[in-house]
Amino acid sequence: VQLQASGGGLVQAGGSLRLSCAASGRTFSGYVMGWFRQAPGKEREFVAAISKSGGSTYYADSVKGRFTISRDNAKNTVYLQLSSLKPEDTAVYYCAADSGPNRSNYYYRMSGTYAYWGQGTLVTVSS
């Protein structure tokens, strides 16, 4: 599967953005989808993940209540709605796909679980 992330940009603190990740290739509904981010000088970190059907979602504590992950399997797209943005949310955001069997949410928080990655989209939050 090929992943193409978009929707990043410059936004003021408190603002919102919606990131999209379009997938092409094999059946999109067969993948758990995740979002990760990497800030300058820091390691890549888990942001959110969503199950194949969209019925289960998982969030990092740092974004819970502010970010929302969703998917549209008919459009082969996963979304990440970013709200109440803070300067510390500034990072390159990556979408990722896992085609493996159902796993516990512990594994979906690990970047090594995902075999497929998009190119990233930059989100910059100004104070």
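In this text the structure is predicted, and so the values were computed from the model without any measurement.
In this structure, L82 is a member of the same hydrophobic cluster as V47, with clusters built from ILVMFWY side-chain heavy atoms closer than 4.5 Å. No continuous path of ILVMFWY side-chain contacts below 4.5 Å connects I69 to Y114, so the two sit in separate hydrophobic clusters.
When each of D98, L80, V78 is checked for a side chain to side chain contact (heavy atoms under 4.5 Å, CB included) with M33, only V78 meets the rule.
The hydrophobic cluster around Y107 extends to Y106, M110, counting ILVMFWY residues whose side-chain heavy atoms fall within less than 4.5 Å of a member.
Summarising the geometry of C21 relative to L3, their closest heavy-atom pair is SG-CB, 3.9 Å, with the distance given to 0.1 Å. Across all their heavy atoms, V1 and A23 have their closest contact at CG2-CB, 3.8 Å. Residues W35 and S20 come closest through the heavy atom pair CH2-O, 3.7 Å. In terms of heavy atoms, S70 sits closest to I50 at CA-CD1, 3.6 Å. Across Y94 and G118, no two heavy atoms sit closer than the pair CD2-O, 3.6 Å. For the pair Q81 and S16, the tightest heavy-atom approach, listed with the atom from each and the gap, is NE2-CB, 3.9 Å.
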Exercise answer: donor-acceptor pairs, residues 85-92 side-chain atoms, under 3.5 Å, sequence neighbours excluded:
residue: D89; atom: OD1; partner: R37; partner atom: NH1; Å: 2.9
residue: D89; atom: OD1; partner: R66; partner atom: NH2; Å: 3.0
residue: D89; atom: OD2; partner: R66; partner atom: NH1; Å: 2.7
residue: D89; atom: OD2; partner: R66; partner atom: NH2; Å: 3.4
residue: D89; atom: OD2; partner: K86; partner atom: N; Å: 2.8
residue: T90; atom: OG1; partner: P87; partner atom: O; Å: 2.9
residue: T90; atom: OG1; partner: V125; partner atom: N; Å: 2.9
residue: T90; atom: OG1; partner: V125; partner atom: O; Å: 3.4

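In this structure N105 satisfies the side-chain hydrogen bond (donor to acceptor under 3.5 Å, both in side chains) test together with R109, sequence neighbours excluded. In this structure Y79 satisfies the ring pair (Phe, Tyr, Trp, His ring centres under 6.0 Å) test with no other residue, sequence neighbours excluded.
The OG1 atom of T77 sits 10.0 Å away from atom CZ of R71, with the distance rounded to the nearest 0.5 Å. With rounding to the nearest 0.5 Å, the separation of OG1 in T27 from NZ in K52 is 11.0 Å. Here the OG atom belonging to S56 is positioned 9.0 Å from the CG atom belonging to N102, to the nearest 0.5 angstrom. Considering OH of Y93 and CG of L19, their distance stands at 7.5 Å, rounded to 0.5 Å. In this structure, the separation between OG on S53 and CG on N73 is 8.0 Å, given to the nearest 0.5 Å.
Within the structure, side-chain hydrogen bond (donor to acceptor under 3.5 Å, both in side chains) contacts touching residues 1-15 (residues at least two apart or in different chains) are Q2-S24. Applying the ring-ring contact (aromatic ring centres under 6.0 Å, His included) test to residues at least two apart or on different chains, the pairs with a partner in residues 42-74 are F36-F46, Y58-Y108.
At least one side-chain heavy atom of Y116 sits less than 4.5 Å from a side-chain heavy atom of S99.
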